Colleague: 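Structure in structure tokens, see below.
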Number of protein chains: 2
Amino acid sequence: MESSFAILAEPNRRAILSLLASSERSVGELEDRLHLPQTSVSKHLRVLREAGFVESRVEAQRRMYRLRPEPLMEVDEWLAPFRRFWSGHVDALERHLERMAALPKPKKGKNR
Amino acid sequence: MESSFAILAEPNRRAILSLLASSERSVGELEDRLHLPQTSVSKHLRVLREAGFVESRVEAQRRMYRLRPEPLMEVDEWLAPFRRFWSGHVDALERHLERMAALPKPKKGKNR
DNA sequence: CAGTCATATGCCCATATGAGTATATACGTG
DNA sequence: CACGTATATACTCATATGGGCATATGACTG
């Protein structure tokens, strides 16, 4: 299984997801909006589909793609531990200074 | 400039960031905790440093690395538009059904 | 200042992947 | 059923990148 982050590393895939955030779209619609070749859109959609980011619905000749929340939720959860660095009233710099001051300032040896 | 998502695509880099979330660490400390060769840790740290995820402080022979919040904040902001899909009391499925019902159900032509 | 510890860097290779092109599949309509 | 539309897939190629290895750099210590 591919990591969700690896999937999001591709700019066009992020663009596709952003478009799908506002509504369900067909492949051709994505193609037009992103100015990408159809084959490229289809390939990215496949990757997104296999990673669970999107699912498709058949409507006549078209495939309508829509978001699935799970993988993005995982990403959101991964970020959780880091939020303390920029949320709350203590800003990041201050926090780092605190930590530095708290260190016992080791001096010798390979004390990792 | 490399996208923050591309940086986070690498599992070892995410592991490094997670370790740095709890406190400042030296390269050797990361090396030990992650069971990665030193050269590998250093290379990942370079990537993280150049992308602004971490910064280093010289302490005698060691380099102490610590987190910088900005790039992760950007990621967090990118996620913002998607949070409506899983937050609040309307769940994702319900929301999608709403959207589908709202569509005028197009029938003919290449009306993308 | 020789030796050792801590970290960084350069080089090479194997692999992964996005783009482009051509083609296949599937559906709808006259 | 022939044709156009909509989408998917197979193949090839160029490029990017992580790992391994050797080595370089820099700092502390006796």
Side-chain angles (χ1 to χ4, degrees), chain A residues 1-17 19-20 24-51 53-66 103 105-112, chain B residues 1-17 19-20 24-51 53-66 103 105-112:
Chain A
M1 59 156 203
E2 266 285 20
S3 129
S4 294
F5 287 96
I7 308 293
L8 295 177
E10 224 293 320
N12 292 319
R13 284 198 287 263
R14 290 199 302 280
I16 289 175
L17 293 177
L19 281 177
L20 294 182
E24 208 184 34
R25 314 234 183 221
S26 71
V27 179
E29 215 172 339
L30 295 170
E31 182 190 342
D32 290 350
R33 299 231 184 192
L34 299 176
H35 306 298
L36 284 179
Q38 176 267 319
T39 180
S40 194
V41 174
S42 277
K43 278 187 280 190
H44 285 309
L45 283 172
R46 159 130 92 152
V47 174
L48 289 169
R49 198 182 338 118
E50 289 176 348
F53 282 86
V54 302
E55 59 190 356
S56 71
R57 178 173 66 88
V58 176
E59 166 150 346
Q61 320 93 317
R62 322 231 193 102
R63 305 282 180 110
M64 302 301 289
Y65 278 86
R66 58 173 176 252
L103 287 178
K105 182 114 175 151
K107 253 307 191 185
K108 282 172 172 269
K110 193 193 171 182
N111 54 334
R112 290 182 168 170
Chain B
M1 56 156 204
E2 265 285 21
S3 129
S4 293
F5 288 95
I7 307 292
L8 295 177
E10 224 293 319
N12 293 318
R13 283 198 287 264
R14 290 199 301 281
I16 289 175
L17 292 177
L19 282 176
L20 294 182
E24 207 183 35
R25 314 235 184 220
S26 70
V27 179
E29 215 173 338
L30 295 169
E31 183 190 341
D32 290 350
R33 299 231 184 193
L34 299 176
H35 306 297
L36 284 178
Q38 177 266 319
T39 180
S40 193
V41 174
S42 277
K43 278 188 277 193
H44 285 309
L45 283 172
R46 159 130 91 153
V47 174
L48 290 169
R49 199 184 335 120
E50 288 175 349
F53 281 85
V54 302
E55 61 190 355
S56 71
R57 178 172 67 88
V58 177
E59 165 149 345
Q61 319 93 315
R62 322 232 193 100
R63 306 283 181 111
M64 302 303 288
Y65 278 86
R66 58 175 177 249
L103 286 177
K105 182 116 175 148
K107 254 304 190 186
K108 284 172 169 272
K110 192 192 170 181
N111 54 335
R112 293 180 166 173

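Predicted model only: the values in this text are computed from it and were never measured. Below, chain A is the first sequence line, B the second, and so on; all start at residue 1.
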Colleague: Whole angstroms only, please: what is the CZ-C1' distance between A/Arg62 and D/dT7?
Modeller: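 Going from CZ in A/Arg62 over to C1' in D/dT7 covers 12 Å.
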Colleague: Select from B/Ala6 and A/Ser56 the residue whose nearest nucleotide in DNA chain D is closer to the 5' end of that strand.
Modeller: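 Nearest nucleotide further toward 5': that of A/Ser56.
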Colleague: Output a table of donor-acceptor pairs, distance under 3.5 Å, between side-chain atoms of residues 5-13 of chain A and any protein atom two or more places apart or on a different chain; print 'none' if there are none.
Modeller:
residue: A/Glu10; atom: OE1; partner: A/Asn12; partner atom: N; Å: 2.8
residue: A/Glu10; atom: OE1; partner: A/Arg13; partner atom: N; Å: 3.4
residue: A/Arg13; atom: NE; partner: A/Ile7; partner atom: O; Å: 2.7
residue: A/Arg13; atom: NH1; partner: A/His44; partner atom: ND1; Å: 3.3
residue: A/Arg13; atom: NH2; partner: A/Ile7; partner atom: O; Å: 3.4

Colleague: Should A/Leu30 and A/Leu36 count as side-chain neighbours, where that means a heavy-atom distance under 4.5 Å?
Modeller: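 Result no, sub-4.5 Å side-chain heavy-atom pair not found.
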Colleague: Name the closest nucleotide to the B/Glu10 side chain, picking from D/dA27, D/dG18, C/dA19.
Modeller: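 Looking only at side-chain atoms, B/Glu10 lies closest to D/dG18.
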Colleague: Checking B/Arg49 now: which residues fulfil side-chain hydrogen bond (donor to acceptor under 3.5 Å, both in side chains) with it, not counting sequence neighbours?
Modeller: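 Partners of B/Arg49 by the side-chain hydrogen bond (donor to acceptor under 3.5 Å, both in side chains) criterion, ordered by chain and then number, come out as B/Tyr65.
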Colleague: Quickly work out the B/Arg25 CZ to C/dA6 P distance and round it to whole Å.
Modeller: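 From B/Arg25 CZ to C/dA6 P: 17 Å.
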Colleague: Do B/Val58 and B/Arg63 come close enough that some side-chain heavy atom pair is under 4.5 Å?
Modeller: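 Sidechains of B/Arg63 and B/Val58: in contact.
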Colleague: Applying side-chain hydrogen bond (donor to acceptor under 3.5 Å, both in side chains), can you list everything that pairs with B/Glu50, at least two apart in sequence or on another chain?
Modeller: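 So B/Glu50 forms no side-chain hydrogen bond (donor to acceptor under 3.5 Å, both in side chains) with any residue.
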Colleague: Can you see which heavy atom on B/Pro37 is nearest to which on B/Glu31, and at what distance?
Modeller: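 Answer, listing the atom of B/Pro37 first, then B/Glu31: C-CG, 4.4 Å.
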Colleague: Residues two or more places apart in sequence or in another chain: which of them pass side-chain contact (heavy atoms from CB on, under 4.5 Å) with B/Ser42?
Modeller: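 So B/Ser42 forms a side-chain contact (heavy atoms from CB on, under 4.5 Å) with B/Val27, B/Gln38.
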Colleague: Could you tell me how far apart B/Ile16 (CD1) and D/dG18 (P) are, to the nearest whole angstrom?
Modeller: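 Going from CD1 in B/Ile16 over to P in D/dG18 covers 11 Å.
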Colleague: Closest to the A/Val27 side chain: C/dT7, C/dG28, D/dT7?
Modeller: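 Between C/dT7, C/dG28, D/dT7, the one nearest the side chain of A/Val27 would be D/dT7.
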Colleague: So which atom in B/Glu24 and which in B/Glu29 form the shortest heavy-atom distance, rounded to 0.1 Å?
Modeller: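 Looking at all heavy atoms of both residues, the closest pair is O-OE1, 4.5 Å.
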Colleague: Look only at the side chain of A/Arg33 and the backbone of A/Leu19, and say whether a donor-acceptor pair between them is shorter than 3.5 Å.
Modeller: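 No: the side chain of A/Arg33 does not pair with the backbone of A/Leu19.
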Colleague: The side chain of B/Gln61 is closest to which nucleotide in this list: C/dA8, D/dG19, D/dC28?
Modeller: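 Nucleotide nearest to B/Gln61's side chain: D/dC28.
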Colleague: Is the shortest side-chain N/O distance from B/Arg13 to OP1 or OP2 of D/dG18 below 4.0 Å?
Modeller: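 Yes, B/Arg13 has a side-chain N/O under 4.0 Å of OP1/OP2 on D/dG18.
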Colleague: Can you measure A/Glu31 atom CD to C/dG20 atom P for me and round it to whole angstrom units?
Modeller: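 In whole Å, C/dG20 P and A/Glu31 CD are 13 Å from each other.
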Colleague: Is the shortest side-chain N/O distance from A/Tyr65 to OP1 or OP2 of D/dA6 below 4.0 Å?
Modeller: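 Answer is no, no contact under 4.0 Å.
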Colleague: In residues 36-48 of chain A, which residues come under 4.0 Å of DNA chain D by heavy atom?
Modeller: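 Within this stretch, A/Gln38, A/Thr39, A/Ser42, A/Lys43, A/Arg46 sit under 4.0 Å of the strand.
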Colleague: To the nearest Å, give me how far apart CG (A/Asn12) and P (C/dT17) are.
Modeller: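 From A/Asn12 CG to C/dT17 P: 16 Å.
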Colleague: Take atom CG of A/Leu8 and atom C1' of C/dT17, then tell me their distance rounded to the nearest Å.
Modeller: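 In whole Å, C/dT17 C1' lies 16 Å from A/Leu8 CG.
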Colleague: Give the rounded distance in Å between these two atoms: CD of B/Glu29 and C1' of C/dT7.
Modeller: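 Going from CD in B/Glu29 over to C1' in C/dT7 covers 14 Å.
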Colleague: Using atom names, set out every protein N or O paired with an N or O of nucleotides 1-4 of chain C below 3.5 Å, distance rounded to 0.1 Å.
Modeller:
none

Colleague: Send over the distance from B/Arg49 CZ to C/dT9 C1', rounded to a whole Å.
Modeller: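 That distance rounds to 11 Å.
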